[in-house]
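Report on the following structure.
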Amino acid sequence: MTRMKSIGAAFAAILLSSVAAHAGDVRIMWYSDGGEGEVIKDLLSRFSRANPDVNVILDEVSYDVVKEQLPVQLEAGQGPDIARVTNLKAPAQHWLDLRPYLTDAKYWEDNFGAQADWMRPDGSNAITGFMTQLTLTGGFVNKTLFEQAGVEIPGPKATWDDWAAAAKKVADSQKVFAMAIDRSGHRVSGPNISYGANYIAADGKPAPIDQGAKEFLSRFVKWNEDGTINRDVWVSAAGTTYRSAAEDFINGGLAYLYSGSWQVSGFAQKIGDNFDWVMAGSPCGSAACSGMQGGAGLVAVKYTKNPKDVAKVMDYLAGADVQKEFAERSLFIPAHKGVAAGQMDFKTDNPHVQAALKAFVGAAGQTAAPAMKLPGWKWSDAYYSAIVARISQVIAGEMKLDDAYARIDEDIKAKVAGN
């Protein structure tokens, strides 16, 4: 009899995912931002019924496990057979080239080719997986709080300074936090680029942190220090640990959250009709009004003992009908070219969700050129991690900002030298 396991405890999942798979086993390490875990379980249960010779085991873990524990497993030549990840390029040497095992490689190239380079080694034509969704960073506004405070929501060309001032007025009136940005180097990179930052040097290696990045990061630190931004988001965790500010927004204690489109599903479930919320694009800097495109990829791991079974599962999940249903039920922007070009029937009657998804699609066109390059750049995660670690220390009062800039450059150089 086939079975599909769902394991909530992160520690148990780490142990299970590092165990060598047996014949016919396909173990998937999966994290969720919202309700997509329930959707993937349903879809995989159908696969299991139709393919009794393949035993799919879904290990549900926290995002921190994927970010911090999976790389350790991969370096040891272990890990799951398939993993859902956001750090796609840097560990690409660990991904399995599915091309020899797929039923129709051209189908994959036609429908997932635009993002294929994000998750394969430079210069390779490997097919290693597909994006489970496309994402875009952007701001969420508690419209109810703005209305109660009598503060006008800034317009589409409003700057980060405009948003900080408006959110602070709301916070002072309603006794809530004004702003928060997820504890993530990826999340502050769109704002950095909006002020002219470029992380990539002419030779393709990391460039020193530039004046554009400093323009925003100095603002970010100042806003943490004067209470405009909830500093707990960045000082309540250590090192490069990710910390979302979504719960603060969901609980109604935050006027403005800068996060991304992956939050829409969770907001639909958890906010309900408690308050009105809208997506407001990305605030402008001096150079652009850019967010960061990206997403989570489902990749095959080359240490699998069952590459043919892995490819069978991946072929199923990459099918147009499955992709369409997954996107519509999860409330995600589909990465499948054919599905994205067709009509989407998102499974929600929540007007906030429908409006937010349309707004994210519209905002994608404002993504600046330097931001478009980062998803497929090998050193993106090294840059993001260095920013998080050092700017957190500044906010915590452990380091001066100028010293942090120097340490960011040193951290990135060390990472490059070690690879």
Side-chain angles (χ1 to χ4, degrees), residues 33 62-64 137-149 151 153-154 158-192 194 215-264 266-267 270-271 274-283 285 291-292 384-385 387-399 401 404:
D33 287 307
S62 71
Y63 179 70
D64 286 342
T137 57
F140 293 94
V141 184
N142 186 320
K143 184 181 178 183
T144 298
L145 286 177
F146 270 78
E147 290 174 345
Q148 289 173 348
V151 177
I153 294 176
T159 66
W160 275 97
D161 291 337
D162 295 333
W163 274 103
K168 189 68 166 62
K169 290 179 181 178
V170 175
D172 291 343
S173 168
Q174 301 299 301
K175 309 306 177 187
V176 296
F177 287 112
M179 300 173 69
I181 300 178
D182 294 339
R183 190 180 195 267
S184 162
H186 175 272
R187 221 66 78 244
V188 296
S189 289
N192 286 349
S194 293
E215 282 289 328
F216 179 74
L217 291 175
S218 62
R219 284 172 164 81
F220 181 63
V221 169
K222 174 181 173 293
W223 291 331
N224 273 274
E225 291 173 344
D226 69 16
T228 300
I229 284 180
N230 180 6
R231 68 189 294 273
D232 288 346
V233 175
W234 278 60
V235 301
S236 62
T240 61
T241 301
Y242 173 73
R243 157 86 149 86
S244 172
E247 287 302 321
D248 300 323
F249 187 79
I250 290 167
N251 294 334
L254 186 61
Y256 178 89
L257 167 68
Y258 195 76
S259 189
S261 59
W262 57 92
Q263 301 287 8
V264 171
F267 289 174
K270 297 177 181 179
I271 295 176
N274 290 340
F275 58 85
D276 291 333
W277 55 276
V278 296
M279 184 271 177
S282 286
M292 289 285 292
Y384 302 154
S385 296
I387 289 173
V388 168
R390 299 308 178 184
I391 296 302
S392 293
Q393 289 181 291
V394 176
I395 295 169
E398 300 170 359
M399 185 180 293
L401 186 55

Exercise. Please assess T228 against D226 for the test side chain to side chain donor-acceptor pair (under 3.5 Å), listing each intermediate value before the final yes or no.
Key: CA-CA 6 Å; T228 300; D226 69 16; 2.7 Å; yes

Exercise. Report the C-alpha separation of I387 and N192 in whole Å, then their side-chain angles, then the decisive distance to 0.1 Å, and conclude whether the side chain to side chain contact (heavy atoms under 4.5 Å, CB included) test is met.
Key: CA-CA 11 Å; I387 289 173; N192 286 349; 4.1 Å; yes

Quiz item: When you look at D162 and T159, which way does the side chain to side chain donor-acceptor pair (under 3.5 Å) test go after all the steps?
Solution: CA-CA 5 Å; D162 295 333; T159 66; 3.2 Å; yes

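Panel note: side chain N251, backbone G253; no donor-acceptor pair is recorded below 3.5 Å. Of the possible donor and acceptor atoms, one in the side chain of R219 sits under 3.5 Å from a partner among the backbone N and O of E215. In this structure a side-chain-to-backbone donor-acceptor pair under 3.5 Å is missing from T240 to A389. Of the possible polar contacts, none joining the R243 side chain to the S236 backbone as a donor-acceptor pair under 3.5 Å is found. For R187 (side chain) and T137 (main-chain N/O), no donor-acceptor pair under 3.5 Å exists by modelled atom type.
With sequence neighbours excluded, no residue satisfies side chain to side chain donor-acceptor pair (under 3.5 Å) with K169.
Closest of all the heavy-atom pairs between M292 and G190 is CG-N, 3.4 Å. In terms of heavy atoms, R183 sits closest to S392 at NH2-OG, 2.9 Å. Pairing each heavy atom of V141 with each of A280, the nearest pair is CG2-CB, 3.7 Å. Across P283 and S194, no two heavy atoms sit closer than the pair O-OG, 4.1 Å. The two residues A255 and A167 have their closest heavy-atom pair at CB-O, 4.3 Å.
You'll find the ring centres of F275 and F267 outside the 6.0 Å limit.
Within the 4.5 Å cutoff, the side chain of W234 has heavy atoms near those of the V388 side chain. Annotation: side chain of R390 is not in contact with side chain of L217 (no heavy-atom distance under 4.5 Å). No side-chain heavy atom of V233 sits under 4.5 Å from any side-chain heavy atom of I181. Looking at V235 and N224, their side chains never come closer than 4.5 Å, going by heavy atoms from C-beta outward.
Annotation: the span from S189 atom OG to Y384 atom OH amounts to 5.0 Å, rounded to 0.5 Å. Distance check, rounded to the nearest 0.5 Å: CG of L257 to CZ of F249 gives 6.5 Å. If you take NZ on K168 and OG on S173, they are separated by 11.5 Å, rounding to the nearest 0.5 Å. Interatomic distance, N142 CG to I271 CD1, rounded to the nearest 0.5 Å: 7.5 Å. The distance from the CZ atom of F177 to the CG atom of L145 is 13.0 Å, given to the nearest 0.5 Å. Considering CD1 of I229 and OH of Y256, their distance stands at 10.0 Å, rounded to 0.5 Å.
Here the rule is ring pair (Phe, Tyr, Trp, His ring centres under 6.0 Å) with Y258, and of F220, W163, W160 only W160 fits it.
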